[in-house]
There are 2 protein chains.
Amino acid sequence: MRPLNPMPAAELPLYEQLAGEVAALVEKGTFRPGDRVPSIRALSRQFQVSLNTVKEAYALLEDRRLIEARPQSGYYVCARLPETPEEPVVDPPAINPTEVSISRIYRMVMHDLLDPALVQLGIAFPNPDLLPIDKLNRMLATETRRFRLSSIGYEIPPGCERLRKQIAQRMLVTGCALRPDQIIITSGCVEAVVLSLRALCRPGDTVAIQSPVYFNFLQMIEDLGLKTLEIPTSPLTGMSLDALEYALDNHRGEVKACLVLTNFNNPCGGSMSDTDKRRLVALLEHHGIPLIEDDIYGDLSFSDRRPTVAKAFDRGGNVLLCSSFSKTLAPGYRVGWIAPGRFQEEIERGKMLTNIATATPPQLAIAEFLANGGYDHHLRSIRRVYARKVAQMADAIGRQFPEGTRVTHPKGGFVLWLEMPEKVDSIQLFDLAHRHGISIAPGPLFSATGKYRNFVRLNAGFYSEKMEATIATLGRLARELESGKNS
Amino acid sequence: MRPLNPMPAAELPLYEQLAGEVAALVEKGTFRPGDRVPSIRALSRQFQVSLNTVKEAYALLEDRRLIEARPQSGYYVCARLPETPEEPVVDPPAINPTEVSISRIYRMVMHDLLDPALVQLGIAFPNPDLLPIDKLNRMLATETRRFRLSSIGYEIPPGCERLRKQIAQRMLVTGCALRPDQIIITSGCVEAVVLSLRALCRPGDTVAIQSPVYFNFLQMIEDLGLKTLEIPTSPLTGMSLDALEYALDNHRGEVKACLVLTNFNNPCGGSMSDTDKRRLVALLEHHGIPLIEDDIYGDLSFSDRRPTVAKAFDRGGNVLLCSSFSKTLAPGYRVGWIAPGRFQEEIERGKMLTNIATATPPQLAIAEFLANGGYDHHLRSIRRVYARKVAQMADAIGRQFPEGTRVTHPKGGFVLWLEMPEKVDSIQLFDLAHRHGISIAPGPLFSATGKYRNFVRLNAGFYSEKMEATIATLGRLARELESGKNS
């Protein structure tokens, strides 16, 4: 018989031990008011105690008003009376800027996503009003019915063929001639980049990246035991190739991969020219260093012309092109992809050993959307909206933030990168904004070197006129920090 | 203007270059017979060439009968005439047993999954006839409609609360009192185990595992740069704790994690007793080594009583319990989970940096199935079927395989582990069976030490009377290998 309590301490009668176990689960919230608890028979069989012991335990819990019997139905957890009072609202502790841990800030920024009461300007999440939710969910339903048997099976690497074919066809407009079998489906773009880093680097190796850079990449690189070489990046034209060339010459043999967001990069919004893309590919090919290209914002160009990708200039298979549908269709579907060039086998193996496959139903739905859902039409309409929101928020920032604040004017995507006057510490601003119900992404998250202290990234994708007040609050807090009032 | 061909070689007229690019995409299968190619306007805008250039290119392709214009509709890839003949059927190359690469066999076994013509006995995939496909897909449709907005958003770690609550409630029958916030949703059980290994170990560290063991674990451990310490495991009672204790005493400080399948383990089918589970937890706690417990087959017990888990005896949070719904509900939904004890923060961070979140719609569907889909009823019925299939296949093996063949009698799950006479090389058997359209998993896959040369794992979950012929073929091939006829 399995003892109810493996610890020797408990010498209570069996039914009291059992009652204690069930009560503890209610206490902890595993069973909540209104939930049905296991039947007497089920509990008796499971714990190998007599029916009577369970009955006595349940009687005890009824006496304590913890559970109640409902005729023909079983035992249920009672509504709690009196209600426990709500926890007092505790201000988050003030952050001492000299002791800031970036990974603590990182956790807070990511955790803010779970708080519906916050105004979400910190995460580069697309505006759900601009996602084709109903159409996608309908396609999820019809496609799983249509491909009944395969909907439940593994789509082992490279993944759903229909989806890969749609992606290959679409890539023509980026200048890439890809076959469907040169594409591997991943669970989002982040997974594609991690698989690339893991395939190319061993702990201790160095990765050349733009600076500033999307903060998840820094956390990821740290997590893999890799080092970063941060290359200066222009808000307009992307990574400085002169700086990259100089750095590679001076770190010969150390750099095992170069990770670049070529189009509308996060956080600056800049894009590399075709000339620079070609030079980047040639330079890395020359040094024998693979290029991990992240093109996740490429489809969100504000102009008619979708930019090319560096992969279009790749003839040796040295470029691993990563992207996803998280910014344009459905973040929660977790469908991304990679065209890994000559690293096909390594990435397929890595995907298999990470989680075997990406969930099948979302792949079927996205494939159908690309084939028959009017993806181009959808893109044209959301691009216009994002262009307007980005311009309007930049405008509001100009009116509300301290004099001397500079803001990017991206030509695609939906994030803005702000440089505030030097005296404004963005981590203090993060802390103050949080207390005012606003989540932002402070500059130091975007570098491993403690730079960008007076920078901040804001998501403009949710901007509307009523958000002017939020920007006004942020601007006021920034001005107070500048004048030393709040530090 | 973006040149069509970045290589200097091409000095053809622009329209010929363009035609060549489109022809190459048809050649490679990106556009297939019947697919529409991009419109003249789209191609002109994209490549920044005149409309006339595109028209000339398309005229050229029409002349070559590669594409055809359809009135009011655009240009389409022509059906190919004459059809290219099918590739001749080439026998897979014979494998020389002295040069076998395990990872090559691994790739072949996994790749076999993609071949619908094979009889799939090699992969431990559940029988789709025993999965509630229609009900789950219906719930996928209703739940994404019901939770419209969140269906499209990220379920960042720990994941969908409703699902975690259902899992916590169900874990009571395994002896675990878990709160929903002590559970993290993952994309399958493999991901839960990888996240655990990555959180606990650094390259060069050692992991103690059972032997033989589920082959993906070995590949995974190799991939992470870790070493294995293989602990002898009884087909009946699981890992030998005497051996483990001895090994830990002799490898003090090297072993950073112990990975154990406690119930109906893959491939042997044995389960640890409660006494052993408790001893295992205490032993590892004493050595300061975390236990990664894989319970993926626990719900598939052939008896009424669902076995406990080692986690039930864990008081210090030293056990990371991993499982999923891939064996009982829907492999392709990719929904698993982990109760990581004191490693909650590390696993949440690792999950975030692997792929941010598990896809939302499958989480919603599984939560609904657990709450209102009759999961217990479903389990009771498939357990009975698997018990029968396992017994019937073991029976057929007894009749058809060479004398001296031994086979496990698992009390749960659906795989059988066979020991054949010593002269039967399972890699040769794999090769021969493959030529006869049967996929099996040869013994050497299940160890990093080259052991189990005369063992094989078979999936009994698909067994039916008409499969007697398949078993007869395998048995005949094994007998031929034994007599030296085929080696």
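Here is how names work: the chains are called A, B, and so on, in the same order as the sequence lines, proteins then strands, and each is numbered from 1.
Heavy-atom distances place no part of A/Glu346 under 4.5 Å from chain B, backbone and side chain included. Both the backbone and the side chain of B/Pro331 have a heavy atom closer than 4.5 Å to some heavy atom of chain A. Heavy atoms closer than 4.5 Å to chain A are found in the side chain of B/Pro38, but not in its backbone. Heavy atoms of B/Ala177 lying under 4.5 Å from chain A belong to its backbone as well as its side chain. For a residue to count as touching a neighbouring chain, one of its non-hydrogen atoms must lie under 4.5 Å from one of that chain's; by this rule A/Leu43 touches chain B with the side chain only. Contacts between A/Leu136 and chain B at a heavy-atom distance below 4.5 Å involve the side chain alone, from C-beta outward. Residue contact with chain B, scored on non-hydrogen atoms closer than 4.5 Å, is absent for A/Gln363. Of the atoms belonging to A/Phe217, not a single heavy atom falls under 4.5 Å from chain B. For A/Pro128, the part lying near chain B is the side chain, with the backbone staying farther off; criterion is any non-hydrogen pair under 4.5 Å. Within the 4.5 angstrom heavy-atom criterion, atoms from both the backbone and the side chain of B/Ile133 approach chain A. Looking at A/Ala330, the atoms closer than 4.5 Å to chain B (heavy atoms on both sides) sit in the backbone and in the side chain alike. Only the side chain of A/Leu131 has a heavy atom closer than 4.5 Å to any heavy atom of chain B. Only the side chain of A/Leu25 comes within contact range of chain B, judged by heavy atoms closer than 4.5 Å. Only the side chain of A/Ser326 comes within contact range of chain B, with heavy atoms under 4.5 Å apart. Contact annotation for B/Arg349: only side-chain heavy atoms (C-beta onward) come within less than 4.5 Å of a heavy atom of chain A.
The stretch residues 141-155 of chain B participates, sequence neighbours left out, in these salt bridge (charged side-chain N to carboxylate O under 4.0 Å, His left out) pairs: A/Asp134-B/Arg148, B/Glu143-B/Arg146, B/Glu143-B/Arg162, B/Arg146-B/Glu368. Pairs engaging residues 168-180 of chain B under the salt bridge (charged side-chain N to carboxylate O under 4.0 Å, His left out) rule: B/Arg170-B/Asp376, B/Arg179-B/Asp181 [sequence neighbours left out].
With chain A as partner, the option from B/Asp223, B/Ile167, B/Thr186 having the largest number of non-hydrogen pairs under 4.5 angstrom is B/Asp223. The candidate with the highest count of non-hydrogen atom pairs below 4.5 Å against chain B, out of A/Asp35, A/Thr358, A/Leu329, is A/Asp35. For the set B/Val22, B/Val193, B/Asn355, the entry with the most heavy-atom pairs within less than 4.5 Å of chain A is B/Asn355. Of the listed residues (A/Val281, A/Thr360, A/Thr144), the one with the most heavy-atom contacts under 4.5 Å to chain B is A/Thr144. Comparing A/Ala357, A/Cys189, A/Ala192 by heavy-atom pairs within less than 4.5 Å of chain B, the highest count is held by A/Ala357. Per-residue counts of heavy-atom pairs under 4.5 Å with chain A were compared for B/Arg202, B/Arg198, B/Arg164, B/Lys165; the largest is that of B/Lys165. For the options B/Ala365, B/Gly153, B/Gly225, heavy-atom pairs under 4.5 Å to chain A are most numerous at B/Gly153. When B/Gln219, B/His111, B/Arg138 are compared by the number of non-hydrogen pairs under 4.5 Å with chain A, B/Gln219 comes out ahead. With chain A as the partner, the residue from B/Leu113, B/Asp304, B/Val335 showing the most heavy-atom pairs under 4.5 Å is B/Asp304.
Scanning all heavy atoms of the two residues, the minimum distance from B/Met110 to A/Ile156 falls at O-CD1, 3.3 Å. Residues A/Tyr333 and B/Ala359 approach most closely at O-CB, 3.6 Å, considering heavy atoms. Across every non-hydrogen atom of A/Val194 and B/Leu353, the tightest pair is CG2-O, 3.2 Å. The two residues A/Gly332 and B/Pro361 have their closest heavy-atom pair at O-CD, 3.8 Å. Considering every non-hydrogen atom in both B/Ser151 and A/Asn137, the closest pair reads OG-ND2, 2.9 Å.
Taking CZ of B/Arg45 as the start and CZ of A/Arg306 as the end, the distance is 13.0 Å to the nearest 0.5 Å. How far OH of B/Tyr154 is from CD1 of A/Ile123: 9.0 Å, rounded to the nearest 0.5 Å. Annotation: the span from A/Met220 atom CE to B/Met352 atom CE amounts to 11.0 Å, rounded to 0.5 Å.
A salt bridge links B/Arg32 with A/Glu161: at least one charged nitrogen is closer than 4.0 Å to a carboxylate oxygen.
Within the 4.5 Å cutoff, the side chain of B/Gln48 has heavy atoms near those of the A/Arg305 side chain. Inter-residue side-chain proximity for A/Glu345 and B/Arg107 is flagged as met; some heavy-atom pair is nearer than 4.5 Å. Counting only heavy atoms from C-beta outward, the side chains of B/Leu178 and A/Thr30 never approach each other to under 4.5 Å.
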